[in-house]
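First up is the structure itself, then whatever we jot down about it.
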Amino acid sequence: MKVITTKGVVKIYNPDKIPVKALNGVDLEITEGEFTAIVGPSGSGKTTLLNVIGGLDRPDEGDVEVGGHDIDAMSDNQLIDFRKEHIGFVFQAYNLIPVLTARENVEFVMLLQNRPKKERRERAEELLRAVGLEDKMDKRPSELSGGQQQRVAVARALAPKPDFILADEPTANLDSKSTANLLDIMARLNEEEKITFVFSTHDQRVIDRARRVVTLVDGKVATDEVREGKV
Amino acid sequence: MIPIMAWRNIWRSMTRSLVVMGAIAVGIWAALSLTGFATGMVKSYVNNAVQNIVSHIQVHQPEFLDENEVKYNIPDLMAVEQAVRAEPGVRAVSVRSVANGMISSSQGARGVAIKGVEPEEEARVNALNENIVDGEYFSGDSRNPILVSDELAQKLNVKVRSKVVLNFQDRGGSITAAAFRIVGIFDTGNNPFDLSHVFVRRSDLNHLLIPAADSTQSADALAHEIAIMVDDIRNVDTIASSLRAELPGLKVQTYRQISPDLQLYEGQIKNISLIYLTVIMLALVFGIINTMLMAVLERIKELGMLMAIGMNKLKVFLMIVLESVMLGLVAMPVGLILGYITIDYVGENGIDMSMYAEGLENFGMSSIIYFELDPVVYGQVAVGVFLTAVLASIYPALKAIRLKPVEALRTI
């Protein structure tokens with residue numbers, strides 16, 4: 001089942017001054033259960049594409065459909081609600097809520113979904129166990145290493161049971177061991193739970209594990225390679 | 001969890017939060033103390049005026065108030081006096097004869113109101129006997145004793161035992177004059193009153209007011225004014241109404257009617273507290289806006305992330321408002337308690353304003369001010385601070401919700 005479809009997506013920054021075409025007609029389809037890396041040199045449009053797919057930014061041209069919804073037609077508030085229910089985000093800089101513990105960070109999105117307290121707590125603990133942080137649940141982000149914070153971020157992204165997870169350079173700030181650890185966790189979740197992951201990355205370690213590698217050059221899909229047996 | 005986040009957020013920059021909380025607490029303390037001070041001053045003015053000058057209630061013949069002539073005395077004095085004394089809630093009564101005339105010494109002369117009083121009764125109604133600064137309150141044996149104020153004594157260049165002459169019209173319309181000897185000098189603390197009033201014994205004054213040819217008026221039954229003190233000032237209006245019903249031909253006035261300025265000042269107390277509160281809260285608004293704005297601006301990326309993962313604008317807005325309200329709510333009890341302690345302490349011990357005593361006394365206030373505060377003001381201040389905190393958070397909160405998540409996430 002298709003979870004993401006983009007057709008002729010164009011995104012232009014600075015349209016009035018010095019226009020920069022960050023995306024220049026991107027056609028892409030992501031189906032359920034993929035483990036896809038969007039790669040390309042700096043400035044190729046990876047993050048912009050992720051932002052557009054994630055409903056954080058709007059395309060200037062083209063269509064973006066996520067889970068069968070035309071997200072371009074949504075208002076800002078509708079988009080916020082849509083993201084909350086359908087999309088999990090993992091950011092490069094972890095971006096956890098610094099004043100909340102790991103458990104509270106994971107619970108937070110479920111709270112925004114008005115899930116019952118018991119369910120929130122149980123799911124947060126289950127997810128933190130799944131990312132190997134059962135002994136760090138009551139630690140705040142400042143008390144965790146970068147790798148641990150990113151694992152909390154993955155648990156948080158999974159908490160609302162999204163259609164897919166968008167991860168923008170999730171390993172950029174991690175050492176090799178943490179990267180391998182995080183990738184193992186995400187790969188397992190993809191294998192066992194059929195969770196769809198879409199990364200933007202230029203980290204070879206991530207690219208090596210991806211089942212599909214979409215290469216962007218100058219805002220266009222240059223190559224789209226499906227590799228059997230990876231992950 | 002949003003209240004928990006808001007609460008923890010305010011402690012992220014502890015020094016900054018403590019500074020703004022300190023400002024709020026000091027603001028509350030200042031608003032309460034200033035209101036307490038102003039209320040104390042007004043009450044001091046009103047109490048001084050009531051105690052030394054107007055008393056709580058006065059009874060006159062209506063024409064006396066208009067014409068100020070000695071012939072308009074209270075008719076059927078005995079019955080009136082009895083009715084007044086029998087009125088429940090009346091604490092003390094002083095029956096006075098009043099004549100307007102002139103006091104003169106070898107050095108000068110001034111127009112004065114001459115009050116003929118029963119010394120013991122008068123002492124129960126006003127604090128005249130306690131305000132004697134030289135000499136003594138009416139001594140029993142001297143003839144035609146008179147009390148003058150120290151202000152007047154200076155103007156006339158007289159002192160205790162000096163002789164002065166009073167000139168005034170008697171009931172027959174003739175000018176009469178008599179020599180009085182100063183037995184005591186008083187100081188009520190109210191200069192305008194002190195300069196214009198002298199006190200003599202009622203029997204001495206009545207003797208001079210009734211011409212020899214007038215056999216219809218007995219000296220005992222001549223009086224123009226009955227001054228009344230009640231047990232509880234809050235019952236003044238009820239007692240005055242009851243007396244009005246009992247004494248139909250006479251004019252019964254409360255201190256507010258006798259001295260409308262007292263009513264005006266009493267009425268101003270509420271406005272004073274609101275004015276102080278408004279000014280101080282306005283100053284606080286800017287302090288809180290500054291703090292909250294900094295709190296928003298240094299968290300742009302985090303706010304962008306919150307909106308990215310699905311926290312809607314209303315919740316972001318409420319979180320910022322809540323942080324501001326929490327700053328106010330933490331500081332509020334501190335300010336209220338500090339204010340309460342100050343008002344309680346100064347209410348008990350007073351604040352010595354004697355370096356400005358002369359100025360204060362010119363306005364009829366005492367030199368020691370005791371703070372006083374209507375408990376309602378604490379509530380007003382609490383509501384004021386709450387509203388200020390909400391008001392001050394609106395701009396920073398709007399700033400937060402106008403952020404575009406994608407741009408906010410890009411900030412460092």
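Reminder, nothing fancy here: chain letters follow the sequence lines and each chain counts from 1. All of these numbers come straight from a predicted model, not from anything done at the bench.
- In A/Lys139, the NZ atom is not crowded: 12 or fewer heavy atoms of neighbouring residues, nucleotides or ligands sit closer than 6.0 Å.
- Using a 4.5 Å heavy-atom cutoff, the side chains of B/Trp11 and A/Val99 are not in contact.
- Nearest heavy atom pair, residue B/Ala308 against residue A/Phe89, reads O-CE1, 3.4 Å.
- Distance check, rounded to the nearest 0.5 Å: CG of A/Leu56 to CD of B/Glu407 gives 11.5 Å.
- Here A/Arg156 is the residue among A/Gln113, A/Gln92, A/Arg156 with the most heavy-atom pairs under 4.5 Å with chain B.
- You'll find the side chain of A/Ile97 reaches within 4.5 Å of the side chain of B/Met305, heavy atoms only.
- Other residues, nucleotides and ligands contribute more than 12 heavy atoms inside 6.0 Å of the CZ atom of A/Phe82.
- In plain terms, the two heavy atoms of A/Ala93 and B/Lys301 that are nearest each other are CB-NZ, 3.9 Å.
- For A/Asp175, the CG atom counts as densely surrounded, since its 6.0 Å shell holds more than 12 non-hydrogen atoms of other residues, nucleotides or ligands.
- Here the side chains of A/Arg83 and B/Ile309 are not in contact, with every heavy-atom distance at 4.5 Å or above.
- For A/Asn95, the parts lying under 4.5 angstrom from a heavy atom of chain B are both the backbone and the side chain.
- When heavy atoms are compared at a cutoff of 4.5 Å, A/Phe108 approaches chain B by way of both its backbone and its side chain.
- Atom OH of A/Tyr13 sits in a crowded spot, with more than 12 heavy atoms from other residues, nucleotides or ligands closer than 6.0 Å.
- Here the CG atom belonging to A/Leu111 is positioned 6.0 Å from the CD1 atom belonging to B/Ile2, to the nearest 0.5 angstrom.
- Atom CZ of residue A/Arg140 and atom CZ of residue B/Arg8 lie 4.5 Å apart, to the nearest 0.5 angstrom.
- Rounded to the nearest 0.5 angstrom, A/Asp76 CG and B/Asn312 CG are separated by 12.0 Å.
- Put simply, the side chain of B/Lys404 does not reach to within 4.5 Å of the side chain of A/Asp57, judged on heavy atoms.
- A distance of 10.0 Å separates CG of A/Leu96 from CD of B/Glu302, quoted to the nearest 0.5 Å.
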